[in-house]
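Report on the following structure.
One-based numbering, in listed order, for ligands and for the atoms of each.
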Amino acid sequence: MQALEITTPDDWHLHLRDGALLEAVLPHTSAQFARAIVMPNLIPPVRTAQQAQAYRQRILNALPVRHTFEPLMTCYLTDSTDPNSLSEGFAGGHFIAAKLYPAGATTNSDSGVSHVKHIQAVLERMAEIGMPLLVHGEVTDPDIDVFDREAVFIEQVLSPLHARLPQLKIVFEHVTTADAVDFVRSCASTVAATITTHHLMINRNTIFKGGVRPHYYCLPIAKRECHRQALRAAATSAEGQFFLGTDSAPHLQSFKESACGCAGLFTAPNALSCLAHVFEEETALERLEAFTSLNGPAFYGLPANRTSVRLIKRNTPVAVPKEIMTPDGPIVIFDPQVPLHWHVESPAQVAKRRELCP
Ligand code: NCD
Ligand code: ZN
C-alpha cells in the first residue's frame with residue numbers, strides 16, 4: 001500500500017448548475033475540494049453581485065452537513081457589463097474573477113461577449129484593480145475548424161490582449177493544445193492556465209472509438225495525442241502557471257445522448273483518483289500537490305488550505321459508479337477507461353484519523 005498526503009485541493013474551474021442538479025453534484029466536489037471557482041453560465045447567467053450572492057447562498061444551502069467548502073463566485077461578462085458595478089462587486093468580495101465567454105463558444109454562452117473591443121473599458125478596469133479575467137479561449141467563427149479554434153484564439157485575441165494589457169491577470173481556461181502551453185510559458189506570470197483531468201486522460205480518438213461517444217464530448221474538444229502529452233508535461237512540471245480546473249460540467253444523460261448532445265463531462269466524483277493515476281504514470285506524484293493545491297491559490301493571492309486529503313493506492317480498484325441519480329434523471333460519470341487504484345480519504349476523514357491517533 002502506498003499513501004500520499006497533500007494539502008486539500010481546490011478546483012479553479014467548476015460548473016455546479018442549480019436546483020436539483022446542484023444538490024446532486026455538489027457533494028462530489030465538496031468531499032474532496034476545499035474551494036472552487038464556480039462558473040456563472042446559468043440560465044440566466046450570473047451577472048450582478050446580487051445574483052452571485054444569492055447563487056453562493058444556494059450552494060451553501062445544498063452542502064452536506066460536515067462538508068466545509070468555499071464557493072468562489074465569478075461574473076459573466078457581456079457586451080454591456082459596467083466597469084463600476086464590476087469593480088464594486090470585486091471590492092465587496094462578491095466576485096473573485098470575471099469570465100469571458102465568446103458569444104456562442106460553448107454551453108450557455110449566448111449572452112457572452114461578441115468582441116473583446118466591446119469590453120475594453122472593463123478589461124482596463126480589471127487590470128487596474130487586479131481582478132483576474134477567466135477566458136474560454138476559442139474563436140467562434142464557424143469557418144475555423146473546431147480543432148483549431150483554441151490556437152486561432154491565441155493568435156487573434158489572447159496574444160494581442162496580453163500585449164495591450166500585460167498587467168491584466170488572465171487565466172486561460174481548460175487549455176487543450178501544445179500551442180496554449182507554449183503561449184502561457186511565453187507570457188509574464190500574470191498569465192496562467194487551468195488544465196482539466198479529462199484532457200490529461202483522453203485524446204480525440206476517444207470520442208470516436210467504435211462509434212460516437214457523447215460522454216467524451218466537451219469544449220474545448222480533446223485534441224491529438226501530442227497535445228495531450230504537452231498538457232501532461234505542463235501539469236506535472238510544478239510550474240506555477242499551471243493548475244487544476246476540472247471543468248466538471250454535468251449534463252443529464254438524456255441531453256448528452258441526443259441528436260445534438262451537450263458539451264461537458266462530469267468528472268468531479270473521480271477527479272483526484274484520476275489525477276493521482278496520471279501523475280503516477282508520469283512518475284511525478286511528488287508534484288501533484290503543486291498542481292492541485294498550491295499553484296492556484298498562489299496565483300489568486302490566497303493562502304493554501306490548511307487541511308489535507310490522503311490518497312491511498314490499493315490493489316482493489318476504486319468502485320466508481322457509472323452514474324449518479326438526480327430527480328431529473330441520471331448523469332453519467334467520466335469513465336477514464338482504466339482501473340483507478342488511488343482511493344481518496346477526505347479532509348474530514350484525515351482529521352478524524354488524526355484525532356483518534358494523534
Ligand atoms: C461547459 C458547460 O457544460 O457548462 N461545457 C464544456 O464542455 N466544458 C461549458 C464550458 O466550460 O465550456
Ligand atoms: Zn467550463
Checklist outcome for this item: Ordered by chain then number, the protein residues lying under 4.0 Å from ligand 1 by heavy atom are His13, His15, Arg17, Asn41, Thr106, Thr107, His136, His174, Cys218, Leu219, Asp247, Ala249, His251, Ala263, Gly264
Item to check | Residue and atom, protein N/O/S, under 2.8 Å of the Zn ion (ligand 2) | outcome: His13 NE2, His15 NE2, Asp247 OD1
Item to check | Transitive ILVMFWY side-chain link Met39 to Met126, under 4.5 Å | outcome: no
Modelled atom types, side-chain donor and acceptor of [X] and [Y], under 3.5 Å:
| X | Y | result |
| --- | --- | --- |
| Ser114 | His118 | yes |
| His215 | Glu257 | yes |
| Asp247 | Thr196 | no |

Answer yes if the ring centres of [X] and [Y] are under 6.0 angstrom apart, and no otherwise.
| X | Y | answer |
| --- | --- | --- |
| His174 | His13 | yes |
| Phe291 | Phe242 | no |
| Phe69 | Phe33 | no |

Checklist entry - Do Ile170 and Val135 come close enough that some side-chain heavy atom pair is under 4.5 Å? => result yes
Checklist entry - Within a strict 4.5 Å, meaning less than it, do heavy atoms of the Met73 and His94 side chains meet? => result no
